[in-house]
Asks: 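To start, I am sharing the structure in question, which I have written as structure tokens.
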Amino acid sequence: MRVTKAIKAEQLHILRTLYPNAKPALEFKTPFELLIAVILSAQCTDVRVNIVTSRLFPRANTPEAIAALGQEQLEAAIHDCGFFRMKAKHILETCDILLQEYGGEVPADFEALQRLPGVGRKTANVVMSVAFHAPAIAVDTHVFRVANRLRLAVGKTPLEVEKGLQKAIPREDWSDAHHWLILHGRQRCKARKPLCGECPLAPVCPSAI
DNA sequence: CTCCCGATAT
DNA sequence: ATATCAGGAG
């Protein structure tokens with residue numbers, strides 16, 4: 001199947017109808033809470049992150065309070081998210097930088113975010129898009145897999161797919177489309193056993209079995 | 001590229 | 001037993 005511009009538009013239309021109320025799955029009340037939640041979400045399900053942060057944020061949800069926990073207590077608090085030693089280290093370093101260089105606030109700047117320990121391109125894109133409503137498409141494992149399967153955007157790296165998606169999707173839909181692709185990846189277009197038989201996108205998907 | 005971490009699904 | 005999970009650093 002050759003995925004034309006018209007077919008890509010149809011793919012997006014079906015995704016929109018499938019996931020009409022797409023929103024972030026991570027729970028947060030402030031940009032700082034979102035930043036911490038997204039750092040924790042690396043190679044971890046959003047469900048598990050929400051369980052951990054629902055216990056952590058009432059104790060500490062500011063750079064000062066997280067820093068006051070220290071490495072050992074923070075490791076214990078985020079243990080269930082995996083990679084807990086590195087994540088705790090990165091979060092503490094990030095809190096120090098926020099306090100020293102940004103007045104304790106999360107910078108609304110893509111480049112500045114990427115300079116924070118534990119924050120790469122994907123996390124910076126999520127924070128810019130979700131917390132600051134900037135046009136950005138974060139390419140996580142789900143977005144990468146689903147975009148490639150649909151050939152909505154093809155690439156060997158997340159950055160290539162990100163650029164392809166920016167061309168294929170109208171800017172005003174970037175935020176919604178990001179969530180459509182994640183929800184589709186979680187619910188139907190799974191990594192292991194994709195449910196092509198009951199997928200409404202199968203007729204416009206070159207990878208459908 | 002490997003390592004970081006462990007629970008869960010297959 | 002192995003792949004996967006809202007990745008990032010060395």
Asks: Please identify which of these residues, A:Ile66, A:Val49, A:Ile51, meets the side-chain contact (heavy atoms from CB on, under 4.5 Å) condition with A:Leu56.
Replies: A:Ile66
Asks: Give me the residues of residues 17-25 of chain A where at least one heavy atom lies under 4.0 Å from an atom of DNA chain C, by number, or none.
Replies: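 DNA chain C contact set from residues 17-25 of chain A: A:Pro24, A:Ala25.
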Asks: When the distance from CZ of A:Arg186 to C1' of C:dA6 is rounded to whole Å, what number comes out?
Replies: 9 Å
Asks: Indicate, with a heavy-atom threshold strictly under 4.0 Å, whether A:Val49 touches base, sugar-phosphate, or nothing.
Replies: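 If one applies the 4.0 Å heavy-atom cut-off, A:Val49 turns out to touch nothing in the nucleic acid.
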Asks: Of the candidate nucleotides C:dT4, C:dA6, C:dG7, which contains the atom at the shortest distance from the side chain of A:Ala191?
Replies: C:dT4
Asks: Can you name the closest pair of heavy atoms from A:Gly155 and A:Glu160 and give their distance?
Replies: CA-OE1, 3.3 Å
Asks: So, does A:Ser41 get its side chain near the phosphate of C:dG7, meaning an N or O under 4.0 Å from OP1 or OP2?
Replies: no
Asks: For atom P, what is the distance between C:dG8 and B:dA7, given to the nearest Å?
Replies: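 The same atom, P, in both gives a distance of 23 Å.
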Asks: Starting at the 5' end of nucleotides 4-10 of chain B, put B wherever the base has a protein heavy atom under 4.0 Å, S where only the sugar-phosphate does, and a dash everywhere else.
Replies: BBSSSBB
Asks: Please work out which residues in residues 131-146 of chain A have a non-hydrogen atom less than 4.0 Å from an atom of DNA chain C and list them by number.
Replies: A:Asp140, A:Thr141, A:His142, A:Arg145
Asks: Using atom P in both nucleotides, what's the gap between B:dT10 and C:dA6 to the nearest angstrom?
Replies: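 My reading of the P atoms in B:dT10 and C:dA6 gives 13 Å.
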Asks: Roughly how many Å is it from CZ in A:Arg121 to C1' in C:dA6, rounded to a whole number?
Replies: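 It works out to 16 Å between those atoms.
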